[in-house]
Amino acid sequence: MAEIQNYTMNFGPQHPAAHGVLRLVLEMNGEVIQSADPHIGLLHRGTEKLAETKPYNQSIGYMDRLDYVSMVCNEHGYVLAIEKLLKLTPPKRAQYIRAMFDEITRILNHLMWLGTHGLDVGAMTMFLYCFREREDLMDCYEAVSGTRMHATYYRPGGVYRDLPDVMPKFETSDKRKKKQVDQLNYNREGSLLDFIESFTDRFPSCIDEYETLLTDNRIWKQRTVNIAVIPPERAINLGFTGAMLRGSGVEWDLRKKQPYSVYGELDFDIPVGVNGDCYDRYLVRVEEMRQSNKIIQQCIKWLRENPGPVMTDDKKISPPQRMGMKDDMESLIHHFKLFTEGYCVPEGEAYAAVEAPKGEFGVYLVSDGANKPYRVKIRAPGFSHLSAMSEMVVGHMLADVVAVMGTMDVVFGEIDR
Amino acid sequence: MESKHEEIKTRIIACFKNKLTPIESPSNELVFGLKPHLLREVATELKENKELLFEQLTDLCGIDYLTYGIDEWTTKSATNSGFSRGVTRQPVILDDADSFDGERFAVIYNLLSLKLNIRIRLRMFTGEDNPPIAPSVSDIWSSANWLERETFDLYGIIFDGHPDLRRILTDYGFVGHPFRKDFPISGNVEIHYDQEKEKIIYKPVSIEPRTLVPRVIRNDNRYSEDIKDNNDG
């Protein structure tokens, strides 16, 4: 009987640990991986091509659906690119709101990552803990934009509207008695900022909770320490960004190095790993959540003290006030033009990048002077990370594949675009 | 920031002399054009020169300039009968043409130097060949591997020297290169599951292409540089 040496194994696209629709073709020698060939594109929607057929503002909503766990960060990259071409600077307050929501999103994303990464390697409790906090942050999204995920909140020139003064509350029903509802509403009596503040007061102790469960956990360490080690030079060469790059010890964060929005004025640190393994990347991301919490607190303080406009007053780009349209001819024309045709962006090209939770999210925009972009290229951080999959898993066991996938924090909305 | 830009620009121009041609950028970015046969030489130098160290290829993508600057709805002069809602579509250029316009397809390289903390962009036209061919840089920057596969998939640009040039984003057995400007947004085929034959059936699309918002180009005076200068003075 001939002895079989290597064999190929198909992993996904329906596997729960494949984080969506990844199909991996693994070549195995026993339980050791010889090579991995990720097949992507099962969620390809042609976002970039769709954006080329629509006026600029209509594509903001598509950006949410790219990396669908860090929604507004994607919008931020897109509106920054448009603003760069329009040479437009949004009001300070809008920039602070953006920074605050970027950080809320970072926490949202990292909680999702931590929950599913934990779940993948066997820590069920993490998932429940993380989703508990995500719920509150989703409520912030809902209060400000009306949707829990796909906000479409940022606009070129600012944000869609100012932060609301009241927080939506739970209501009594057959299932929920008054006492329960009061309990749920305890921090919803004030404005949205009050609600976020109560979250930021509570959140550091939540992170401590996660850390007690994982950081010194023997099983967690056995599953992550020395798994998928990437040296710094390779990380740079492979196009890694964000926590994947910092985990390898490269001190690189766009919020610090190429500050956009108001990050230059905020006080925060960037955590850096040492060994470049899954465990270090875990530590980096957990520390990032603490830093984000700190940034949100600073933004709340600033936003409380500085009321003001949240949208540029350039009426060619921002819609007029509803009341103004009733008795002002120009407002009516502006409204009509903006919503039927959109605005034309001067000819040129721009690349704008933001530090999204997963890494550098860049938008390369080419305009030929029309009301629609000529070419939009979305630089998704996960794409470069996943392209290193083979290099990261070779020599590891099959069970480590899910740990590697977890540490890469892949979301197929952005990879397949 | 300005002076740093200028300094690096002169440094790059001095280093590459006539291999790179600077391209004017209104958004104040460093953009250079180059010829395909010089790409690998320039790329290696950009990456390894101790004064430049563009170690990371952030992004690589293709562009199809087929319909650049062409709008769908031009109004030359005012009429007294009103404007038609109809849009003018460009005739489709067949893919089996022998050659393309030399400035149709371009490959864009977005590079980042972590040491200098600066980005540059290279634009390379692939020339008249059909299919368009460009040299691969995947052995210089590993991140180019998948990005070149993507560009090949979406634009049909062939990367010479790429270790594994397969389609990446589109379906298994897909025909055509969907991001070319002559590829319709609704695609060429639609699929459905046939209950009787018990398999997936492909057939030509039945929906008509339509334009919800016509593409218009307004030569907006607010962005015109000479008018701005006049107003300031």
Side-chain angles (χ1 to χ4, degrees), chain A residues 37 39-42 44 46 48-50 52-55 58 81 84-87 233-234 236-241 245 250 252 257-258 316 340-353 360 362 364 366 368-372 374-375 377-379 383-384 386-388 391 416-417, chain B residues 25-29 31 47 55-59 61-65 67-72 108 110 112 114 117-119 121 123 140-147 149-150 153-154 164 167-172 178-179 181 183 185 187 211-220 222-224:
Chain A
D37 178 20
H39 288 212
I40 62 165
L42 288 100
H44 179 61
E48 294 158 352
K49 181 137 180 146
L50 285 171
E52 288 164 16
T53 63
K54 289 185 163 48
Q58 290 185 18
K84 208 168 174 180
L85 280 175
L86 287 170
K87 298 199 189 343
E233 314 80 57
R234 278 307 289 162
I236 293 171
N237 198 276
L238 285 163
F240 281 16
T241 45
L245 186 59
V250 182
W252 184 263
K257 299 284 177 181
Q258 301 176 357
K316 303 284 177 208
T340 51
E341 187 179 285
Y343 46 85
C344 291
V345 166
E347 187 176 357
E349 45 182 66
Y351 179 81
E360 177 181 325
Y364 170 57
V366 180
D368 59 350
N371 58 342
K372 304 174 183 183
Y374 186 76
R375 169 85 167 110
K377 170 72 202 312
I378 293 149
R379 193 264 176 212
F383 190 84
S384 313
L386 192 69
S387 71
E391 190 170 327
D416 292 347
R417 279 161 287 154
Chain B
S25 160
S27 47
N28 205 14
E29 296 172 314
V31 193
K47 188 189 165 205
E55 288 175 295
Q56 192 170 64
L57 176 76
T58 322
D59 197 11
C61 68
I63 294 194
D64 178 0
Y65 280 102
T67 59
Y68 190 85
I70 299 173
D71 52 8
E72 292 169 325
I108 306 288
N110 270 308
L112 171 69
L114 282 83
N117 188 12
I118 206 154
R119 295 177 193 280
R121 183 158 61 238
R123 187 175 74 185
I140 300 172
W141 294 289
S142 305
S143 54
N145 189 324
W146 272 28
L147 291 165
R149 274 179 71 185
E150 183 195 314
D153 189 0
L154 302 178
D164 182 22
R167 283 183 182 270
I168 187 165
L169 287 178
T170 52
D171 198 1
Y172 303 113
F179 275 30
K181 288 286 178 181
F183 192 94
I185 188 81
T211 306
L212 297 175
V213 181
R215 182 186 178 82
V216 289
I217 297 179
R218 310 258 176 227
N219 294 317
D220 197 327
R222 287 174 304 145
Y223 302 117
S224 162

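We name chains A, B, ... by the order of the sequence lines, and we start the count at 1 in each one. Values below: every heavy atom of this structure, side chains too, minus hydrogens, waters and symmetry copies.
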Answer with side chain, backbone, both or neither: which region of [X] has an atom nearer than 4.5 Å to a non-hydrogen atom of chain B?
{"X": "A/Ala353", "answer": "side chain"}
{"X": "A/Tyr364", "answer": "side chain"}
{"X": "A/Gln58", "answer": "side chain"}
{"X": "A/Glu233", "answer": "neither"}
{"X": "A/Glu360", "answer": "side chain"}
{"X": "A/Arg379", "answer": "both"}

Quick one: does [X]'s side chain get under 4.5 Å of [Y]'s, heavy atoms only?
{"X": "A/Thr340", "Y": "B/Val213", "result": "no"}
{"X": "A/Asp368", "Y": "B/Arg215", "result": "yes"}
{"X": "B/Ile168", "Y": "A/Phe383", "result": "yes"}

Can you tell which of [options] has the highest number of heavy-atom pairs within less than 4.5 Å of chain A?
{"options": "B/Asp171, B/Asp153, B/Leu114, B/Asn145", "answer": "B/Leu114"}
{"options": "B/Ile140, B/Leu112, B/Thr170", "answer": "B/Leu112"}
{"options": "B/Leu154, B/Leu147, B/Val31", "answer": "B/Leu147"}
{"options": "B/Lys181, B/Arg167, B/Glu55, B/Lys47", "answer": "B/Lys181"}

How long is the gap from [atom1] on [X] to [atom2] on [Y], to the nearest 0.5 Å?
{"X": "B/Leu57", "Y": "A/Ile236", "atom1": "CG", "atom2": "CD1", "result": "13.5 Å"}
{"X": "B/Asp64", "Y": "A/Glu52", "atom1": "CG", "atom2": "CD", "result": "9.0 Å"}
{"X": "A/Ile40", "Y": "B/Glu150", "atom1": "CD1", "atom2": "CD", "result": "7.5 Å"}

Looking at [X] and [Y], would you say the former's side chain and the latter's main chain have a donor-acceptor pair under 3.5 Å?
{"X": "A/Arg417", "Y": "B/Leu169", "result": "no"}
{"X": "A/Lys257", "Y": "B/Asn117", "result": "no"}
{"X": "A/Asn371", "Y": "B/Pro214", "result": "yes"}

Which atom of [X] lies closest to which atom of [Y], heavy atoms considered:
{"X": "B/Ile217", "Y": "A/Ala370", "answer": "CG1-CB, 3.6 Å"}
{"X": "A/Arg375", "Y": "B/Gly62", "answer": "NE-O, 2.8 Å"}
{"X": "A/His39", "Y": "B/Tyr172", "answer": "ND1-OH, 2.8 Å"}

Report the option among A/Ser384, A/Gly348, A/Pro55 that has the most heavy-atom pairs separated by less than 4.5 Å from atoms of chain B.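 Going by pairs under 4.5 Å, I would pick A/Pro55.
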
Heavy-atom pairs under 4.5 Å with chain B are the metric here; pick the option from A/Thr53, A/Leu386, A/Val250 that has the most.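 Of the candidates given, the most pairs with chain B belong to A/Leu386.
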
Under the side-chain contact (heavy atoms from CB on, under 4.5 Å) criterion, do B/Ile108 and A/Lys377 qualify, and how do the steps go? CA-CA 10 Å; B/Ile108 306 288; A/Lys377 170 72 202 312; over 6 Å; no

Pairing residues for B/Glu29 by the side-chain hydrogen bond (donor to acceptor under 3.5 Å, both in side chains) criterion, not counting sequence neighbours: A/Lys84, B/Ser27, B/Arg121

Consider only side-chain N and O atoms of A/Arg234 and B/Ser142, and report whether a donor and an acceptor are under 3.5 Å apart.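 Yes, because at least one side-chain N or O of A/Arg234 sits under 3.5 Å from a partner of the opposite role on B/Ser142.
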
Assign the ring pair B/Tyr65 / A/Tyr374 to parallel, tilted or perpendicular, where the plane angle (0 to 90°) is split at 30° and 60°. parallel

Can you check side-chain contact (heavy atoms from CB on, under 4.5 Å) on B/Gln56 and A/Asn237, steps first, answer last? CA-CA 6 Å; B/Gln56 192 170 64; A/Asn237 198 276; over 6 Å; no

With side-chain contact (heavy atoms from CB on, under 4.5 Å) as the test, would you mind laying out the steps for A/Lys87 and B/Asn28 before giving the verdict? CA-CA 11 Å; A/Lys87 298 199 189 343; B/Asn28 205 14; over 6 Å; no

